[in-house]
S.K.: 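Let me begin by handing over the structure; questions about it come next.
Order of the sequence lines fixes the chain letters, A, B, ..., with proteins taken first and strands second; residue numbering starts at 1 for each chain.
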Amino acid sequence: AQTVTQSQPEMSVQEAETVTLSCTYDTSESDYYLFWYKQPPSRQMILVIRQEAYKQQNATENRFSVNFQKAAKSFSLKISDSQLGDAAMYFCAFGTASKLTFGTGTRLQVTL
Amino acid sequence: KAGVTQTPRYLIKTRGQQVTLSCSPISGHRSVSWYQQTPGQGLQFLFEYFSETQRNKGNFPGRFSGRQFSNSRSEMNVSTLELGDSALYLCASSLASGSSYEQYFGPGTRLTVT
């Protein structure tokens with residue numbers, strides 16, 4: 001069974017600053033994907049970024065990038081130039097065979 | 001292209017009743033997965049359907065069941081409702097089965113059991 005751990009229940013960042021959200025996972029699988037999802041107050045889950053485990057290169061998507069350390073089973077999300085619209089719950093997820101296993105989430109606040 | 005739709009959006013039921021939730025995937029998507037989100041247990045995978053067949057199942061009791069129709073629409077049924085079944089039920093669709101395919105989530109159905 002896979003487990004996903006997000007050790008930061010809440011984080012705060014000032015607008016235009018950079019913040020990093022942490023995520024670690026545990027698995028015996030060799031073929032898997034990792035994801036960061038954003039859930040704003042509307043509760044709609046939105047995919048932020050994904051990483052294929054077999055790729056060494058870290059995924060980037062505009063202001064969002066990941067630091068994927070496969071040996072350490074770590075998958076952190078960096079948000080650069082934070083915007084008010086980034087305020088949301090962020091979930092790290094492990095994916096295999098269509099099943100997503102989610103962490104407990106990190107609530108990100110963005111302040112002026 | 002229309003997104004994933006879920007009906008109803010809100011539902012109030014009484015303990016012991018049963019409920020059916022519906023999910024219409026994005027056009028062309030053949031895989032539908034269901035998740036339960038509660039404050040206590042977080043987001044948990046219920047099951048996945050692809051081409052009308054259950055492909056994967058989470059650790060939920062048999063009261064939770066689902067099905068998928070030939071047009072890829074899916075329904076989830078919970079029988080003999082318990083208070084602990086109160087949750088946000090999310091469905092997600094993807095082109096095909098497998099984590100290499102991005103899952104697109106619907107807005108969810110908020111179920112309250114009294």
S.K.: Can you tell me which portion of B:Ser33 sits under 4.5 Å from chain A's heavy atoms? Options are side chain, backbone, both or neither.
M.R.: side chain
S.K.: Applying a strict under-4.5 Å side-chain criterion to I, L, V, M, F, W and Y, I'd like to know whether A:Ile79 and A:Phe75 cluster together.
M.R.: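 As far as the 4.5 Å side-chain criterion goes, A:Phe75 and A:Ile79 are connected within one cluster.
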S.K.: Considering all heavy atoms of both residues, which atom of A:Tyr33 and which atom of B:Ser100 are nearest to each other, and what is their separation?
M.R.: OH-CB, 3.0 Å
S.K.: Given the options A:Ile46, A:Thr104, A:Leu47, which has more heavy-atom pairs under 4.5 Å with chain B than any of the others?
M.R.: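 Top option by heavy-atom pairs under 4.5 Å: A:Leu47.
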S.K.: Between B:Phe50 and chain A, with a heavy-atom cut-off of 4.5 Å, which part of the residue counts as in contact: side chain, backbone, both or neither?
M.R.: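 It is neither, since no heavy atom gets under 4.5 Å.
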S.K.: Could you look at B:Leu90 and say if it's the side chain, the backbone, both or neither that has a heavy atom under 4.5 Å from chain A?
M.R.: side chain
S.K.: Which bit of A:Phe35 is near chain B, if near means a heavy-atom gap under 4.5 Å: side chain, backbone, both or neither?
M.R.: side chain
S.K.: Is B:Arg110 in contact with chain A via its backbone, its side chain, both, or neither, using a 4.5 Å heavy-atom distance?
M.R.: side chain
S.K.: For the OH atom of A:Tyr37 and the CD atom of B:Gln103, what is their distance to the nearest 0.5 Å?
M.R.: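 Here the rounded value is 5.5 Å.
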S.K.: Roughly how far, to the nearest 0.5 Å, is the CD atom of B:Gln37 from the CD atom of A:Gln39?
M.R.: 4.0 Å
S.K.: For B:Glu48, which atoms come within 4.5 Å of any heavy atom of chain A: side chain, backbone, both, or neither?
M.R.: side chain
S.K.: If you take all heavy atoms of B:Phe45 and A:Leu100, which pair is closest and at what distance?
M.R.: CB-O, 4.0 Å
S.K.: Rounded to the nearest 0.5 Å, how far does NZ of A:Lys99 lie from OH of B:Tyr35?
M.R.: 9.0 Å
S.K.: Check each atom of B:Ser94 against the heavy atoms of chain A and say whether the ones under 4.5 Å are side chain, backbone, both or neither.
M.R.: neither
S.K.: Under a 3.5 Å distance rule, please check whether B:Asn56 uses its side chain to pair with a backbone N or O of A:Ala97 as donor and acceptor.
M.R.: yes
S.K.: Quick one: what part of A:Arg50 sits under 4.5 Å from any heavy atom of chain B, side chain, backbone, both or neither?
M.R.: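 Side chain only.
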